[in-house]
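Sequence positions, counted from 1, serve as the residue numbers for this chain.
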Amino acid sequence: MAVLALLAGKVRPFARGEGSAIAKTVLAGRVRIGTLGIAGDEQADPIHHGGRDKALHHYPRDHYARWRQALPDQPLLDAAGAFGENISTTGLTESDVCIGDRFRLGTALIEVSQARQPCWKQGERLQSAKVPRTIVREGLSGWYYRVLEEGEGEAGDSLTLIDRPLPDWSARRVFDLLVGGRHDQDPGALPALAAMEPLFPGWRQWAQMLIDRR
């Protein structure tokens, strides 16, 4: 499928005395995609955002229709970037991509590492405290990639699936198990998550913690 937009943003004052780079703008022309993401993109909170395992944030434009129903007067939903994403597409959602999926984006090779865990900044940006709860309830999370091979890309490039080693582990399933708290309904899944090499290490540790609490 074609990439609708690639986006990046700078850290700016945001809310609650914190900064954020959630306000990203659409990039024109070819951009460099390195191990830490798109050249020029920044993160204010490197503990929870960015880094090698969360270098690129992909949010489906497919979800925007649902958000317009919930937030009909929100102008940010008129264009890509409302959720601070780096990649915007249609035709691909959390139910369609799996942990460990490898995609060719332009000349870069990227790998799905985890679904995105919602935070208050998304609600603040969209002026609705209900946004994070809605994301959890409906699985409208988006997901992250790590960059395995650096390269270049631009809007209009194809996002092409190269490999799918874990076809049973969609980003939506893993999100629901961990963030959505549904691991009690599928207790056998936790050991698999704890041992899942492509999964973000923090989420592997989370799965192990839930096992240890039993």
Side-chain angles (χ1 to χ4, degrees), residues 1 22 45 47-51 53-71 77 82-103 110-126 128-146 159 161 163-214:
M1 68 190 63
I22 194 172
D45 180 5
I47 295 176
H48 297 102
H49 304 287
D53 291 305
K54 294 180 279 188
L56 297 167
H57 175 215
H58 188 156
Y59 198 81
R61 192 70 182 271
D62 311 66
H63 295 333
Y64 275 50
R66 169 68 184 94
W67 288 112
R68 287 192 190 95
Q69 292 176 351
L71 306 168
L77 296 171
F83 292 84
E85 62 264 35
N86 300 114
I87 303 172
S88 178
T89 63
T90 57
L92 196 67
T93 71
E94 299 81 2
S95 297
D96 303 316
V97 301
C98 299
I99 302 300
D101 277 2
R102 293 185 175 187
F103 290 89
I110 60 179
E111 180 181 73
V112 177
S113 58
Q114 67 167 104
R116 188 195 193 285
Q117 191 169 355
C119 71
W120 65 270
K121 289 184 178 179
Q122 292 168 311
E124 184 73 26
R125 175 163 168 77
L126 294 170
S128 172
K130 297 180 180 179
V131 168
R133 294 195 298 272
T134 302
I135 289 173
V136 173
R137 185 176 64 251
E138 300 185 23
L140 308 175
S141 64
W143 58 91
Y144 284 115
Y145 300 100
R146 58 177 64 90
L159 185 67
L161 181 65
D163 190 26
R164 172 163 288 171
L166 299 168
D168 296 329
W169 294 96
S170 70
R172 173 67 190 271
R173 181 186 180 191
V174 176
F175 180 86
D176 287 344
L177 286 167
L178 294 178
V179 182
R182 299 179 190 175
H183 51 86
D184 288 339
Q185 302 171 20
D186 190 2
L190 291 178
L193 292 176
M196 191 174 294
E197 187 173 347
L199 184 63
F200 170 58
W203 280 26
R204 294 176 64 185
Q205 294 167 10
W206 188 357
Q208 185 61 53
M209 179 188 68
L210 292 170
I211 294 170
D212 295 341
R213 284 182 177 178
R214 290 177 178 173

Inset, instruction - Would you mind listing every salt bridge (charged side-chain N to carboxylate O under 4.0 Å, His left out) that reaches into residues 186-200, with sequence neighbours excluded? - result: R173-D186
Legend entry - Spacing of CG belonging to L210 relative to CZ belonging to R213, to within rounding of 0.5 Å: 6.5 Å
Legend entry - Non-neighbouring partners of S170 that pass side chain to side chain donor-acceptor pair (under 3.5 Å), sequence neighbours left out: none
Legend entry - Heavy-atom side-chain proximity of L159 to I110 below 4.5 angstrom: yes
Inset, instruction - Kindly compute the distance separating CZ (R66) from CG (L140), expressed to the nearest 0.5 Å. - result: 7.0 Å
Inset, instruction - For H183, enumerate each residue passing the ring-ring contact (aromatic ring centres under 6.0 Å, His included) test, keeping only those at least two apart in sequence or located in another chain. - result: none
Inset, instruction - For residues C119 and P132, report the shortest heavy-atom separation together with the two atoms involved. - result: O-CG, 3.5 Å
Inset, instruction - Name all residues meeting the ring-ring contact (aromatic ring centres under 6.0 Å, His included) criterion together with H58; count only those two or more places apart in sequence or in a different chain, and write none if there are none. - result: W143, Y145
Inset, instruction - Hey, could you give me the CH2/CG distance between W169 and L199, rounded to the nearest 0.5 Å? - result: 9.5 Å
Legend entry - Nearest non-hydrogen partners of G142 and H57, listed with the distance: CA-NE2, 4.4 Å
Inset, instruction - Could you list the residues that satisfy side chain to side chain donor-acceptor pair (under 3.5 Å) with D62, not counting sequence neighbours? - result: none
Inset, instruction - Would you give the length of the straight line joining atom OG of S141 to atom NE2 of H63, rounded to the nearest 0.5 angstrom? - result: 6.5 Å
Inset, instruction - Might you work through the side-chain contact (heavy atoms from CB on, under 4.5 Å) test for M1 and T90, ending with a clear yes or no? - result: CA-CA 8 Å; M1 68 190 63; T90 57; over 6 Å; no
Inset, instruction - Sequence neighbours left out, what passes side-chain contact (heavy atoms from CB on, under 4.5 Å) with A82? Give chain and number order. - result: Y64, L76, L77, L126
Inset, instruction - For D53, check salt bridge (Lys or Arg N to Asp or Glu O under 4.0 Å) against everything at least two apart and list the hits. - result: R146
Legend entry - Flag side-chain contact, heavy atom, 4.5 Å: V136 against P118: yes
Inset, instruction - Sequence neighbours left out, what passes salt bridge (Lys or Arg N to Asp or Glu O under 4.0 Å) with R164? Give chain and number order. - result: D101
Would you be so kind as to tabulate the donor-acceptor pairs closer than 3.5 Å made by side chains of residues 201-208, with sequence neighbours excluded?
residue : atom : partner : partner atom : Å
R204    : NE   : A194    : O            : 3.2
R204    : NE   : M196    : O            : 3.4
Q208    : NE2  : D212    : OD1          : 2.9

Legend entry - Inter-residue atom distance S88.OG - F83.CZ, 0.5 Å rounding: 11.0 Å
Inset, instruction - List the atom of P187, the atom of P191, and the distance in Å for their closest heavy-atom pair. - result: O-CD, 3.5 Å
Legend entry - Non-hydrogen atoms of S128 and L71 that approach each other most closely: CB-CD2, 3.6 Å
Inset, instruction - Any chance you could measure L92, atom CG, to R61, atom CZ, to the nearest 0.5 Å? - result: 15.0 Å
Which pairs of donor and acceptor atoms, one on a side chain in residues 174-181, lie under 3.5 Å apart (sequence neighbours left out)?
residue : atom : partner : partner atom : Å
D176    : OD1  : R172    : NE           : 3.1
D176    : OD2  : R172    : NE           : 2.9
D176    : OD2  : R182    : NH1          : 3.3

Inset, instruction - Could you list the residues that satisfy side-chain contact (heavy atoms from CB on, under 4.5 Å) with E124, not counting sequence neighbours? - result: F14, A15, W120
Inset, instruction - Return the set of residues passing salt bridge (Lys or Arg N to Asp or Glu O under 4.0 Å) with R68 (not counting sequence neighbours), or none when no residue passes. - result: none
